[in-house]
Structures are given as structure tokens and as C-alpha cells.
Amino acid sequence: MRRGAVLLVMALGGCSALYGPQSSAMGQGMESAHIGNLFDLFLWVTVPIYLGVMVFLALAMRRRQAMVQGAARPEQEAGWRLGLVLFAVTSALILFGLSVATWFTDRAIARAGAGPALSVEVIGHQWWWEVRYHDPVAGRELRTANELVIPAGATVKVSLSSPDVIHSLWIPNLAGKQDLIPGRTSDVVLKVPKPGEFRAQCAEFCGLQHAQMALPVSVRAPGGFAKWYNAGLATPPVPGGGPEFAGYSLFTGRQCASCHNIAGTPASGQVAPDLTHFGSRTTIASGALPNTAASLERWIADPQRVKPGTQMPQVPLSPEERAAVVAYLESLK
Amino acid sequence: MSERTYLRDGPDLTGAALHDKLARTCGDRPGFWGWAASVDHKSIGRRYLVTAFVFLALGGVLALAMRLQLSGPQKALIGPDRYNQIFTMHGTTMMFLFAVPVMDAVAIYLLPLMLGTRNLAFPRLNAFSWWMYVAGGSMLWIAFVLNAGPDAGWFSYVPLAGPEFSPGKRVDFWAQMVTFTEVAALAVAVSITATILKARAPGMTLARMPVFAWSMLVVSLMVIFSMPSIALTSAMLMADRMVGTQFFNPYEYGDALLWQHLFWFFGHPEVYIIFLPATGFVSEIVQAFTGRQVFGHTAVVLSLVATGLLAFGLWVHHMFATGLPRMGYAFYTAASMAVAVPSGIQIFCWIATIWTGRPRYRLPMLWVVGFIVTFVAGGLTGVMLASVPLDLQVHDTYFVVAHFHYVLIGGAVFPLLGAVVYWFPKFTGRMMDERWGKLAFWIALPAFHLTFFPMHYLGIMGMPRRVYTYPAGMGWDTLNLISSIGAFLFAGGVMVFVGNALWSLKRGEAAPADPWTAHGLEWTTSSPPAPYNFAHIPVVTSATPLWDPERPVTRGLRVEDREVLLTTVFEARPDLREPSPMPTLWPMIAALATTVLFVCSIFTPWAIVIGSVPVGVALIAWFWPKDRGPEGEPVVD
Amino acid sequence: MSLPCRVSLLPLAALTLLAACGRETRDFSNKMMDSPHRGAKFAGNAWRISNGARLFVWMNCAGCHSHGGGGMGPPLMDAKWRYGSSMSHVAYTILNGRPGGMPAFRGKITEDQAWELAAYVRSMSARTRRDALSGRADEPANVEPLPLEKRRRARAVTPEQDAAQKESSKIEGTGP
């Protein structure tokens, strides 16, 4: 059913992005798969209804009835009245059926999401994502930013909150969206059978850079996830020398350390994204740029040009200093 | 007190002599001040129409700017700050400054003519409402031009729109514009409700009332129940922003979600307030061009009432992603689906009318067909959105943008354009050119679908709404480009329509009183109607008075004073004669004083105290009782 | 027809709103301006003041100055300025520190950020045009607000104790 709907849509639109990393048509997570099936059902019901109404209209337009102006023939009216009642009853029944199907989907999603789960907290800020992993073992809490990595096959409960404005976490390939509302906590349950790379985006208008508040989501095999997690808990060593060390000195000595945090260094600012393992992330500035040295250089040189309105200031650095900082950050794997 | 004998319309005073006297009594003085002091519903209705279409044009230009910016990935035409203002202004202009006022415009002009009376109830209130509307819209647009336009979206969610995250006065202008337009809309709603219930022609029982009048009755009651919510809410937002209240501040035990509840309690009925008058247009047009009364008249009227009632129970469907309890959501899913049934019934009835009638496909009917083709699709995507899991995927994406443009443009603007063509001869005395009109239709309809159909895919493919740009390589480029091309073509079609209207104003074929051989009372008046509408108030004996062999009239209303005939609510038996106001500048002055009060209160709360003085003076002058002689004698016919 | 009316309303509204330009600009261009112009541009700009409010919390100025009332550091809400109250003076104070314990923030924040803070600090004593200020004295916290159960836990009461407290405060006339 899923393939049928997708093919129908492809035939009508020719849209390769349906298969992309930010598409709700793929159903690669438990919730999005259920939703995808429900959507197919709705499509198979509503499209014929639409075509039926159009046929009804077309037939009506083709008829030419000779009749007295103002009144219809009585026997006709009775037949049409019956038709009206049947139409009303049928539409009510169909809508009732769709509501019931909705209820079943909701229940299936809720049931599938029950049970023990890995607990992750996502906190939305203007315009980046803070991600905290909870682990029952003390000292194994991982904090990162602008990336969400989860193990395939496991249930992951992502609790959502925001200290500033309303955001919305939407990972279309995996699940429906949930709003991050200040003063409330809500959650979304992710259960992804197969590894893959996806892209989430903020889906509630949150100000100047709502358009560039994306979140790369990586689903890894359990072994790969554990490896990533342990590497994340490890403190990166202070560089021995070379441009990385120069960058480290600049990072911890200049404005960067006031806002950003890198574990194992004096830079422990709490208000900007954590950069501890920045080198292993795929994007800069929550999806605004790919994580390459050249892009990072561009970002640090003039953040306002990339993301006008961002709270990252233009830090005064000479080009050599900038290159050193870039080298340091990229070394934080 | 000496007894005056009053000159009345009657068997002895009729024809040209009657016309002269009535025209003098009911006409406006010439010149600017005569126009400004007018309380004639036709003058006010025309103003509303022109103003609404100006705002449509302004909002449309903003849409074209957005589509230009989004026609390709990472374009740098418009930066995020300006873009956020543009999309906010587009939505705000279309919803508050175009959609509701334009429906009010047609109602204000047409209802007295359709109902067989000389003016609306509360004519000065009507005049006041237009001045308030223009003031609010102008304030907002001047603010926008000066870089102080609101930028938090047309529904202005908090905390983004609150004092910490929307600095400056931008959102305050939005909130105060809401106050202006809500005052205007409430005034019109009160006036229309009173007119429909009490000022119908004798014999026009509720069952014989035109369907458009029914739709305006339902809509006016909806306005009265829903607009206070947004008035209160926007006032709470202004209070939060200006005097330190904490209604929406979660840090101080307020609630960010409270805004959404209060806004959408108004916001959902609002879209039906826009849609239901359009269904009234469709019923009238279909009746005229099929030569029969609409099939299932009772069902159509009951559907209007049912939609109006149900509309108040749906608002949470805008909040499905906010994390409220799922069992509660289930109720709103069911209700949101249920509201499709009355609309479906109306569609069935219209198509049945066409089937069993003798349809003539003149231009207004083309627009009705365009409406059915488009609105049904929009309604069905609405059924999808009613389902919570589906909504969780497509909420706040371009899928929703596609849906609401289908139902708003397809469901309200297409019937409106048909209505403009249909009633143009009545309003102006000239016919719109049929060929240019058909050209406009055949450009606009396909262009509309070219613009908005791809957006369904874009939403499913992950493109959120309210984004000033999108990355390259997402696969969204082609569909966005197609949509942008469609938008410009659609604008072209609309411009052909407007150009046709403007040209036909001067050079259109002269129109008789009843160019379409339609059925309603408005077609008995001249085109355009005389200032007094009807020389003698008609008596109605069926729902299609013009197709009746006889058309009796009443006699006995005063000729040298303005007077309307009030009838009972259900049976429309003649009840009272009500004096109707002469032209006066006090509504304009009161509106000016209120404008100063509202605009200055954005900057200081003292304006409310100091500003109430001129408002009070103006209102006292406005309501000062005028002695008009004995009133309320029952009519002797 | 409607045109003359809108034209006549224009000067009235425009006069009030013309001043908006300075208040509402959001300049993302990072143009380095010399002090006098920067002061003028930042002082009455609502967006800059709002950024300054955010930085006030982020840099924990409240740690010494509280939210303007002063503590270890002098109050910022009053009319007494030890080291000058103009934009340049306040920005200098923030960047370079002052005797008596004000730390130097040069190198910890950029110059533009210091000027934004200066704009916010000056607004606390109403030295700024009123329409550029927020009407509510909140600074966005970098701590989330507590949901209801957590608030109760913070006060260490059960729901029953909570209800009882509310009841008793009603009787004493201190409750809502």
C-alpha cells in the first residue's frame, strides 16, 4: 500500500525528494511508518471521493433539462432528497471510519512506544538544539549540541522543552512533530529499525533563524552507537603543539570561552552549543553549513552573513588566528 | 406640540414625483463632506469593497515577493527580518484586512436590497466601522513601511511575540490593528443581525429569506461570539508587552499555551466567517443561472447553521502538536471531520440544482464551477489534517499552506469574484465584459493550481512553513520554482479581472435592472439602485419574488424623513416604523478620536485616560437624541 | 474615494511612527563604527536593548548588580553613576573594568556585545526612549521554568499539603 501511494505520487509529480533524508513519505521509524500507512488509507479514500464529486459535477453540467422555471418535477425531487440523505449518511460513515482508523493508529503508536527506553532530552534554543543523554549510571550523562545520535532497534524517548520560545522537533522520516513549549515538557518516542542518516528541522516559527534550525539525526547500529557514546564521554586531550595548540589558546583565552563549553578545558560557558566533540559533527550552526574547515572559517569570520540574527558575535580574529581556531575545533573528534 | 401631517408614499404620491422627494431625502450631499457624512449602506458598502480590494492587492504583492525569494534555494533577495515581516503582513492583511471586510462589504451593500428595506439597522455604526477599519489597516501598513511591521506570524504565538523576544513596537501594532478590525467587524455584525431579524420586507418569513441573508445571519452571530475572544487575547498580549502583566509568561505562572487556546477559539470560527458568506454567494449565483430555487433549501440553511455551531468546537485542531492529552484530541478529530458533512451537503445540493435546472454558463457560473473543483480538494486535505497522526507530520509545513489556500482562495475568493461579476451590474449600472472576464478565469484557475498543488508535495517532502530560505540539495527546488511561476500567472489573472472591472466601470454595456433574470428583490431596483432603494417597500409572498406573477407593495412610509419599516422576526408582519438617521459626521469624528486613543495607547497607557475624553464627547454628540415627531405608528396599508 | 481619507490619515500616523526607523532597525552587517555613532545607534534600538538584556543574564551581571537593584555592585536603576552614564562611559566600564571591583570584560565579550549591554544598562534607569523598552522587566532566564509538579517538589510539599496550604492561606486572608 505504501509503495502504491508513493508511486502514484511520483507519477504525478516526479519528486525525488520523497526519498530524501527529510521526507515524511519514507516511514523509516515506527511512528512515521504507522502514519504513512494511515496516510495511504486516507489517500485511497479521499482521492476517489474527489474524483466522484467531479464526475457528479461533470454529469450535472452536461444535462439540459427542459423544465418550468422555478420548480422541479415532484417525482424528481423525492429521488434527489433520498440521494441527499444517502450522501449525508455515507459521508458521515466514511468520516467515522477514518476517525476510527485514526484512533487505531494512535493506539498502535502509543503501544509500540511503551516499555523501557533510552532517555534523551532535547532543549530547543533560538536557533540551535541542546541534546542531553540520561544514563542511570552516574557520570555517564552525555551533553552535546546540534546532533542527535540514537541506536537502531531501541526505543528512545526524547523529552522536549525550551527556555525561550516555542520550537518544534520534526524528524519526518522517523516520527511526527512535537512542540517544545516553555513551561511544559512533552515527548516523542523514536523507534527506528534500521540505521540511517536523517535531517530534522524546527517546525514552529521561532524568530529570525527558524529557517536554519536543522538537526542531523543519525541512527546507528547498537555497536556503533555505543562506540559513539563512549567517545563522547571521553575528554579530548589538550593539543600538544602546532596550529591546534595555538587555536586552543585562542579559544580558551578569547571570547569563545565565555559562551561555549569544551570538556577538559577552561572553556565552560553554558549558553552556547557545547563544542566538546565538534570535529565529529556533520554540520555547523545546526545545519546551516556542512562541517568542513572552509565552512567553519566562513562561519567564524562572519556569522551574521551565514545566519543573520544569530547570537554568535563576530569575534575579532586575524586570518591566521582564525585558521588556528578552525584547526583546533576540527581536531576535536 | 402641533400636529404635522407627514407626506407619505401612497397611491397619490408615486412615480417621478415620489422619486424626486425620496431621492432628496435619502441622498447624500455632493462633495467630500457629503461623502464623509454618508450613512447610506450603498456608499459604505462601496467603500468597504474598494478598501478591501486595495488590501488584497497589497497582500498579493507581498505574496509575490515571498514566492520570488523562495523560487530557488538560498536566494538573497529578502533577508530574514524583512521576510518575517512580509509573511506576517501577508497573512494579517489577507485574514483581517481583506477576507472578513470584503464579505462584510457585499453584505452591507446587498442585504437591504435583498431584504427589501431602505437601509441597514444602525447606519451610523456602519459608517463608524468603515472608518475604524481603514484606520487600523492604514496604521498597520504605515508601520510596515517604516520597518515596524509585525514579524511574529499572523497568529503571533507567545512567547515569541512577547516582550522579551519581540522587542520594539512591531507586535503592538499588530495587536492594536486587531482591536480596530474587531471593533469594526463587531459593529457590522450587530448591524447585520438586527437588519436581518427586524428589517425584512413584509411577508419575507425566515423561510423565504435569501440563502445569502441566512449565511450572513449565521456569520454575524459567529462574529459576535468569537471576536471578543481575540479582542481579549490581543489586549492581554498588549498588557504583557506594555504594563508588565504575566498572562503568557511561564516563568511567572502564566501559560504560553493560553494564547493558542484563546486565539484559535476565534481563529477557527474566523475561517468559517470567511467561508460561509461565499457559500451564500454560490447559492445565489446557482439559483440565478439554473433558473430554479436551490435544491434542498432547508438542508442548505441547516448546513449553514450546523457549520456555524460546529465551528466553535474545533479550535484545538490547530494545536495537535502541543502535547495536550491524546484522548482530548480524539474529540477534536471527530468534530473536525464532522464539520465536513454540512459543507458536503451544500456541495451535493448545488450540484443537484445544476443537474435539475437549466444551467447557463455565464461568467459567475464559471467561478462557481472553479470553486467546486478547488474547494472540494481543500476540504479533503482538511479531513486529512483533522486526523492527529497525519497532522503531526504535515502541521506547520507547506501541506497546510496548500490546504488553507485551497479552501480560502478556492472556497472564498473564487465565489467572491463570481459574486463581483454577478452583482457588478447592480452596483454600477454596467455589465463586466464577458470575454475579458473569461480570460481572467481561464488564466487564474489553472495558475492557482500550478501555484498551490506542488505545495502538498513540498510539505510531505519535509519543507516547513515560514522559512525565508531553504538549502540546496533538498530536492525542493523544482516544485518551488513551479509554484513561484504559478503565483505570478495567478497575479496576472487577477489583474486582468481587476482591469476588466475598472474598464467596465466606464465603458461597460449599460445594465438593466435585472440583467441575469434572477429571482431576488435586489433585481427590482434600478441599476445602480436609487438612494432610497425601493420607492415602495415590497411585500414578499415566496422565496423567489421576481419569478412570481404579482409583486405587491406597501405604502405609507414617510417621504420627507428617513424611515425604515420593521417587521416581526419570524413571520415578517409589519411591526414598527423606525426613523433612520440623516447623514452626520459624528461617526467619522468618533472614529478619529478612537483612532488617536488606540494608536497613542501603543506608546503610553495614559492615552487611554486622556483619549477617552474626545471619544466621550464624540459619542455624546452622536447619540444626542433628536426630536423627529411621533414614532412607531403601525403601518396602515 | 477612499484615497483622500487614507492620505489625510497618513501625516497623523506618520508623525508618530516616523521615529520608528531608529527604534526598529535590526542591523546584521557587523559594520564597525566609531564610538559616537555606535552609541547613538545602539542606545535607542529595541533589538540591541533586548540583546543586552539577554547578555546581562548570560554574563551573570545580576550576580553583583542583581536585576538593577545592586548588591555587591552598585545599583544600575538609580541616577547615581560613579563612572559616567553615557553610552561610551558605560561601554568603557564594561570592557575595561573599574576600580572597586568591576571586572573587565574585554576579551570575554566582543565590543558590539558590550555596547548592547550598555544600551540595556542605561535603559534600566530610563535613560532611553520609552518606546524602545520592553514594558515588562524580565530577562530571559537560562534556566527553564518549572512545571507544576516540579514546583511542588521544589517547595517539598505533596499535592494534599499544597491544597491545605492554599486553604489555610485563604482563611488568614493572605491567599488569592
Side-chain angles (χ1 to χ4, degrees), chain A residues 13 15-18 20 22-25 34-35 38-39 42 46 49-50 53 56-57 60-61 63 65 67 69-70 72 76 80 84 87-88 91-92 95 98-99 102-103 105-106 109 164-166 168 172 176-179 181-184 186 201 203-211 308-309, chain B residues 79-81 84 153 157 159-160 165 250 255-257 291-293 295-296 299 321-323 326 330 333-334 337-338 340-341 344-345 347-348 351-352 354-356 358-359 372 376-377 380 383-384 387-390 392-393 395-396 457 460-462 464 466-469 474-476 479 544 547:
Chain A
C15 321
S16 59
L18 280 174
Q22 189 170 329
S23 165
S24 63
H34 281 294
I35 296 175
L38 187 65
F39 185 70
F42 269 70
T46 53
I49 290 178
Y50 180 76
V53 173
F56 183 25
L57 176 65
M61 286 169 69
R63 294 176 72 82
Q65 283 244 305
M67 48 156 274
Q69 186 182 55
Q76 241 191 351
W80 280 102
L84 175 61
F87 176 86
S91 19
L95 292 172
L98 292 176
S99 299
T102 299
W103 187 82
T105 303
D106 251 344
I109 293 173
D164 49 26
V165 298
I166 301 180
S168 188
K177 59 181 66 70
Q178 280 294 319
D179 286 356
I181 302 179
R184 290 168 178 259
S186 63
Q201 199 167 344
E204 182 61 60
F205 180 64
C206 52
L208 283 164
Q209 282 301 325
H210 167 66
Chain B
D81 188 39
N84 293 347
Y157 276 177
L160 180 64
F165 300 104
D255 190 350
L257 218 50
R292 58 156 295 170
Q293 201 199 4
F295 168 79
T322 56
R326 286 301 256 256
T333 294
M337 296 219 189
V341 174
I345 288 175
I347 302 259
F348 182 94
I351 299 181
I354 296 173
W355 188 304
T356 58
R358 261 187 322 184
I372 295 179
V376 173
L380 290 170
V383 166
M384 291 181 188
S387 160
V388 175
L390 294 188
L392 289 181
Q393 280 285 24
H395 167 67
D396 258 335
Y457 291 114
I460 294 173
M461 288 179 350
R466 303 174 150 188
V467 289
Y468 75 99
T469 188
M474 296 299 298
W476 299 335
L479 288 180
T544 52
W547 296 341

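Everything quoted here is computed from the prediction, not taken from an experiment. Letters A, B, ... mirror the listed sequences (proteins, then strands); counts begin at 1.
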Atom pair [atom1]/[atom2] of [X] and [Y] - distance to nearest 0.5 Å:
X      : Y      : atom1 : atom2 : value
A:I35  : B:L392 : CD1   : CG    : 6.0 Å
B:T333 : A:L98  : OG1   : CG    : 11.0 Å
B:M474 : A:Q22  : CE    : CD    : 4.0 Å
A:C206 : B:Y157 : SG    : OH    : 13.5 Å

Looking at [options], which one has more heavy-atom pairs under 4.5 Å with chain B than the rest?
options                     : answer
A:T105, A:I166, A:D106      : A:D106
A:I49, A:I181, A:V165       : A:V165
A:A92, A:S168, A:P308       : A:P308
A:L38, A:T46, A:L84         : A:L84
A:A88, A:P172, A:S91, A:G20 : A:P172

Compare all side-chain heavy atoms of [X] with those of [Y] and state whether any distance is below 4.5 angstrom.
X      : Y      : answer
A:Q209 : B:Y468 : yes
A:L57  : B:I354 : yes
B:P159 : A:D164 : no

Review point. In terms of heavy-atom proximity below 4.5 Å to chain A, should B:A299 be classed as side chain, backbone, both, or neither?
Key: side chain
Mind listing the closest non-hydrogen atom pair of [X] and [Y] along with its distance?
X      : Y      : result
A:P182 : B:A256 : O-CB, 4.3 Å
B:D396 : A:A203 : OD2-O, 2.7 Å
A:F42  : B:M337 : CZ-CE, 3.8 Å
A:Q178 : B:A321 : OE1-O, 3.4 Å
B:V376 : A:V53  : CG2-CG1, 4.1 Å
A:G207 : B:L160 : N-CD2, 3.8 Å

Check your understanding: What part of A:F87 is in contact with chain B, defined as an atom under 4.5 angstrom from a non-hydrogen atom: side chain, backbone, both or neither?
Key -> side chain
Check your understanding: Among B:H395, B:Q393, B:R466, which has the most heavy-atom pairs under 4.5 Å with chain A?
Key -> B:Q393
Review point. Highest number of heavy-atom pairs under 4.5 Å with chain A: which of B:T469, B:V388, B:I347, B:V383?
Key: B:V383
Practice item. Give a yes or no on whether the backbone of B:I460 and the side-chain of A:S24 come within a donor-acceptor separation of less than 3.5 Å. Key: yes
Exercise for review: Report the relative orientation of the aromatic rings in A:F56 and B:F348; use parallel for angles under 30°, tilted for 30 to 60°, perpendicular for over 60°.
Suggested key: tilted
